Amino acid sequence: MMGAMPTLAGPALPAGALRGLAQPRLRVDDELVLRPWRVDDAAVVRAAFDCPVIRRWHARRIDSDDEAREWIAGWAGRWADETDASWAVVDGRDAPVGQVGLRTVSLSEGVAQLSYWVLPAARGGGVAGRAARAVAAWTFGTLGLHRLELRHSVGNLASCRVAGRAGFGLEGTARGATLHADGWHDMHVHARLRTDTGSATGEKPVDGAGAGG
């Protein structure tokens, strides 16, 4: 049997780089904090996926508190497997107002995709963009990934604005790349590199209902 063929480049980060860290609590600013999900957040998670806009762009639904608890419990395993991560975006009362996380993490390639959603009541204050910046800072500064991508349907105009204001430049369009409930969607591909600097635009923040699906 042929063994694994050695690569000439990489890995960008060694296996264990993510699971060797405890999932941190990250302060976004004076109003928002990112923390790991807790079982008692289940009702909020279910309410989020009751939102038609979140369901539309993430192409999934959660029908019970038990399913929400399973969704929450799964993140610890994904962190350990070094494939995905998720944080609750919480306000000053420690109440979740959204989600931000990493998807399809590849330590060997040094890349991941950014995902987020914001509850309807919390939209309009720049929650998504602020949370995205905080996760990007940790991902580049502490974990050490090289590249973060943000993908959203070309029909999700709010997420496109959030991506730009979080410093994720538009690189192109992946045609027919993601299957949604209403068919295949073209996806805008935005990205930031660890070496990028200067991403603020000075424009009023806009929240989208979600990216990453």
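Not measured: the values here are computed from a predicted model.
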> Measuring from W79:CH2 to S86:OG, what's the distance to the nearest 0.5 Å?
Replying inline: 10.5 Å

> Can you name the salt bridge (charged side-chain N to carboxylate O under 4.0 Å, His left out) partners of D182, sequence neighbours left out?
Replying inline: none

>> List the residues meeting salt bridge (charged side-chain N to carboxylate O under 4.0 Å, His left out) with D30, not counting sequence neighbours, and say none if there are none.
In response: none

>> Holding to salt bridge (charged side-chain N to carboxylate O under 4.0 Å, His left out), I want the full list of residues that pass it with D91, two or more places apart in sequence or in another chain.
In response: R93

> Name the one of V111, D196, L102 that satisfies side-chain contact (heavy atoms from CB on, under 4.5 Å) with L148?
Replying inline: L102

> Say you draw a straight line from CZ of R103 to OG1 of T83; how long is it, rounded to the nearest 0.5 Å?
Replying inline: 9.5 Å

>> Strictly by salt bridge (charged side-chain N to carboxylate O under 4.0 Å, His left out), give each pair with a member in residues 139-150 just once, sequence neighbours left out.
In response: R147-E149, R147-E171, E149-R151

> Quick one: side-chain contact (heavy atoms from CB on, under 4.5 Å) partners of E82, sequence neighbours excluded?
Replying inline: A15, L18, R19, L107

Let me have the donor-acceptor pairs involving side chains of residues 135-142, under 3.5 Å, with sequence neighbours excluded, atom names and distances please.
from, atom 1, to, atom 2, distance (Å)
T139, OG1, V135, O, 2.7

> Just by modelled atom types, is the V105 backbone N or O under 3.5 Å from a matching donor or acceptor in the D84 side chain?
Replying inline: no

> Under a single-linkage rule joining Ile, Leu, Val, Met, Phe, Trp and Tyr whose side-chain heavy atoms are separated by less than 4.5 Å, which residues share a cluster with V90?
Replying inline: V33

>> Show me the pairs that pass salt bridge (charged side-chain N to carboxylate O under 4.0 Å, His left out) and involve residues 44-55, at least two apart or across chains.
In response: R46-D65

> Does the W184 side chain pair with the main chain of H180, one donor and one acceptor, at a distance under 3.5 Å?
Replying inline: no

> Does the ring center of H185 lie less than 6.0 Å from the ring center of H152?
Replying inline: no

> Should we count CD of Q23 as having more than 12 external heavy atoms under 6.0 Å?
Replying inline: yes

> Mind checking what makes side-chain contact (heavy atoms from CB on, under 4.5 Å) contact with D41, not counting sequence neighbours?
Replying inline: R35, W37, R38, I72, P96

> What pairs with D66 under salt bridge (charged side-chain N to carboxylate O under 4.0 Å, His left out), at least two apart in sequence or on another chain?
Replying inline: R69

>> Could you work out, with side-chain hydrogen bond (donor to acceptor under 3.5 Å, both in side chains) as the rule, every residue matching R61, not counting sequence neighbours?
In response: D63

> Partners of A177 by side-chain contact (heavy atoms from CB on, under 4.5 Å), sequence neighbours excluded?
Replying inline: A174, M187

> What distance separates Q99 CD from W75 CH2, expressed to the nearest 0.5 Å?
Replying inline: 6.0 Å

> Are the side chain of S153 and the backbone N or O of G155 linked by a donor-acceptor pair below 3.5 Å?
Replying inline: yes

> Out of curiosity, L34 CG to R130 CZ, how far, rounded to the nearest 0.5 Å?
Replying inline: 10.5 Å

> Closest heavy-atom contact between G129 and A166?
Replying inline: O-CB, 4.1 Å

> When you measure from the side chain of H58 to the backbone N and O of F49, does any donor-acceptor pair fall under 3.5 Å?
Replying inline: no

